[in-house]
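In what follows, every chain begins at residue 1, and chains take the letters A, B, ... in the order their sequences are listed.
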Amino acid sequence: MPELPEVEVVRRGLVPAVTGAHVAAVTVHDQRSLTRHTGGAADFESALTGTDLVCAARRGKFLWLPIAGVARAVVGHLGMSGQILLREAGAPPERFERIRIDLAHPDHGELAMIFADQRTFGSLAIDTLVPTADGAPGGCGDAASLVPTQVAHIARDVLDPAFDDRGFRAQLARKDSAVKRVLLDQTVVSGIGNIYADEALWAARVHPETPARSLSTRTVNALLAQIRLVLEKALAEGGTSFDAQYVNVNGQAGYFAHSLNAYGRTGQPCPRCGRPIVRVSFMNRSSHFCPRCQRLTR
DNA sequence: GGAATAACCTGGATGC
DNA sequence: TGCATCCAGGTTATTC
């Protein structure tokens with residue numbers, strides 16, 4: 001499942017290919033991958049064809065490619081199973097290929113940038129760039145203080161230099177909800193999904209259903225530190241791949257699945273105390289935690 | 001206004 | 001072997 005580390009791996013892979021690239025052609029195979037685009041497939045194809053791309057930027061799980069000369073960008077979200085792959089021009093169709101963007105790069109020649117998505121939760125769109133509310137750069141990879149309108153309501157992620165630690169603590173102090181629910185709320189902190197929420201809570205020894213406002217400042221600081229550690233470690237290992245659901249732009253899997261301590265380890269011993277990791281239903285999904293290390297305190 | 005829940009989606013795994 | 005059901009989860013609309 002693409003969360004911040006996986007999306008950042010994709011962004012880094014895209015940078016050399018899209019920076020300064022010319023969009024030679026666009027082919028939409030499946031309209032469902034344009035759910036965030038308001039104009040339909042023909043509009044997407046015509047609006048993007050013939051433009052030049054500036055760079056690859058990211059905030060949380062959202063990616064965008066600013067278009068040269070206009071305040072617009074191609075915005076992408078990988079959803080559950082989305083992939084952005086770079087292939088040679090004219091490469092055969094990928095399994096679950098939804099959109100193909102043919103690029104002509106001054107240094108790398110012709111490339112195919114392919115958006116593939118099995119479950120079609122992800123999408124691409126062309127969106128307007130607007131100034132950021134805090135005047136800081138819109139996201140990782142772009143110095144401009146601009147962000148797509150679809151991303152403007154998303155909070156910064158914890159690896160963003162402009163992330164507001166104090167504001168994060170203040171938001172938690174106002175929330176009655178379970179801390180895990182708050183971590184998954186992209187308007188509070190972006191980039192964290194089910195996997196890294198479970199891992200960070202395990203590392204900080206916090207029960208996922210602990211009311212956010214009941215956490216001490218010390219515990220929130222520790223949690224914040226563990227979120228950063230987990231995300232940075234996952235990024236260093238190329239992200240988490242359980243199957244073919246997540247790969248980088250070259251189709252290669254990440255290795256962080258081997259470093260997971262809680263997520264997906266139901267019944268296996270906690271690496272810290274040896275007690276079996278438990279799985280409970282939470283928000284239409286699963287929470288994994290150690291019942292001994294992560295005691296529920298209200 | 002804040003919080004909780006359902007729906008969207010599809011292929012693999014599992015059970016019968 | 002084949003069919004039915006369950007499960008995975010990010011985002012958003014809807015409901016409470």
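Residues that satisfy the salt bridge (charged side-chain N to carboxylate O under 4.0 Å, His left out) test with A/Arg275, not counting sequence neighbours, are absent from this structure. Every salt bridge (charged side-chain N to carboxylate O under 4.0 Å, His left out) that A/Lys180 has, sequence neighbours left out, goes to A/Asp198. Scored by the ring-ring contact (aromatic ring centres under 6.0 Å, His included) test, A/Phe96 finds no partners at all (sequence neighbours excluded). Every salt bridge (charged side-chain N to carboxylate O under 4.0 Å, His left out) that A/Arg100 has, sequence neighbours left out, goes to A/Glu97. Judged as a salt bridge (charged side-chain N to carboxylate O under 4.0 Å, His left out), and not counting sequence neighbours, A/Arg272 has no contacts.
Remark: P of C/dC7 and CZ of A/Phe282 are 18 Å apart, rounded to the nearest angstrom. Atom NE2 of A/His37 is separated from atom P of C/dT11 by 20 Å (rounded to the nearest Å). As a whole-Å value, the separation of A/Asp185 CG from B/dA4 P is 11 Å. Rounded to whole Å, the distance from CD on A/Gln118 to P on B/dA13 is 11 Å. Distance, A/Asp30 CG to B/dC9 P: 11 Å, rounded to whole Å. Between A/Leu78 atom CG and C/dG10 atom P the separation is 12 Å, expressed in whole Å. Between the CD atom of A/Gln83 and the C1' atom of B/dG11 there is a distance of 13 Å, rounded to whole Å. For the pair A/Gln150 CD and C/dA13 C1', the interatomic distance rounds to 16 Å; values are reported in whole Å.
Aromatic ring orientation, A/His37 versus A/Phe44: perpendicular (interplanar angle above 60°, classes split at 30° and 60°).
For A/Phe96, counting side-chain heavy atoms from C-beta on, the closest listed nucleotide (C/dT12, B/dG11, C/dG10) is B/dG11. You'll find that the side chain of A/Leu184 is closest to C/dG10, out of C/dG10, C/dT11, B/dG12. Comparing atom distances between the A/Ser177 side chain and each of B/dA4, B/dC9, C/dG10 picks out B/dA4 as nearest. Taking only side-chain atoms of A/Arg279, from C-beta outward, the nucleotide of C/dT12, C/dA8, B/dG11 with the closest atom is C/dA8. Each of B/dG11, B/dA3, C/dG10 was ranked by its minimum atom distance to the side chain of A/Arg95; first place goes to B/dG11.
OP1 or OP2 of C/dA8 lies within a sub-4.0 Å distance of a side-chain N or O belonging to A/Ser286. At C/dT11, one or more side-chain N or O atoms of A/Gln186 fall inside 4.0 Å of OP1 or OP2 (strictly under the cut-off). Here A/Lys61 reaches the OP1 or OP2 of C/dT11: one of its side-chain N or O atoms lies under 4.0 Å away. Taking side-chain N and O atoms only, A/His153 has a distance below 4.0 Å to OP1 or OP2 of C/dT12. Note on A/His77: a side-chain N or O is less than 4.0 Å away from OP1 or OP2 of C/dT11.
Among residues at least two apart or in separate chains, side chain to side chain donor-acceptor pair (under 3.5 Å) pairs with a member in residues 16-28 of chain A are A/His22-A/Asp52. The side chain to side chain donor-acceptor pair (under 3.5 Å) contacts involving residues 152-163 of chain A comprise A/Arg58-A/Asp157, A/Asp134-A/Arg156, A/Arg156-A/Asp160, where partners must be two or more places apart or lie in separate chains. Within the structure, every pair that satisfies the salt bridge (charged side-chain N to carboxylate O under 4.0 Å, His left out) test and touches residues 67-95 of chain A, not counting sequence neighbours, is listed here: A/Arg87-A/Glu94.
Using a 4.5 Å heavy-atom threshold, the side chains of A/Tyr196 and A/Leu4 count as separate. Within the 4.5 Å cutoff, no side-chain heavy atoms of A/Arg292 are placed close to those of A/Cys270. Within the 4.5 Å cutoff, no side-chain heavy atoms of A/Thr38 are placed close to those of A/Asp43.
Residues of residues 196-206 of chain A that place a heavy atom closer than 4.0 Å to DNA chain B do not occur.
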Dump the pairs, protein N or O against N or O of nucleotides 14-16 of chain C, anything under 3.5 Å, distances to one decimal.
none

Between the protein and nucleotides 5-8 of chain B, list the N/O to N/O atom pairs that are separated by less than 3.5 angstrom.
residue	atom	partner	partner atom	Å
B/dA6	N7	A/Asn284	ND2	3.0

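Where A/Ala178 and A/Thr120 each meet DNA chain B at their nearest nucleotide, the meeting point lying more 5' is that of A/Ala178.
Using a 4.0 Å heavy-atom criterion, one finds that A/Asp176 contacts the sugar-phosphate atoms exclusively.
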Review item, side-chain donor-acceptor pairs of residues 62-69 of chain A, under 3.5 Å, at least two apart:
none

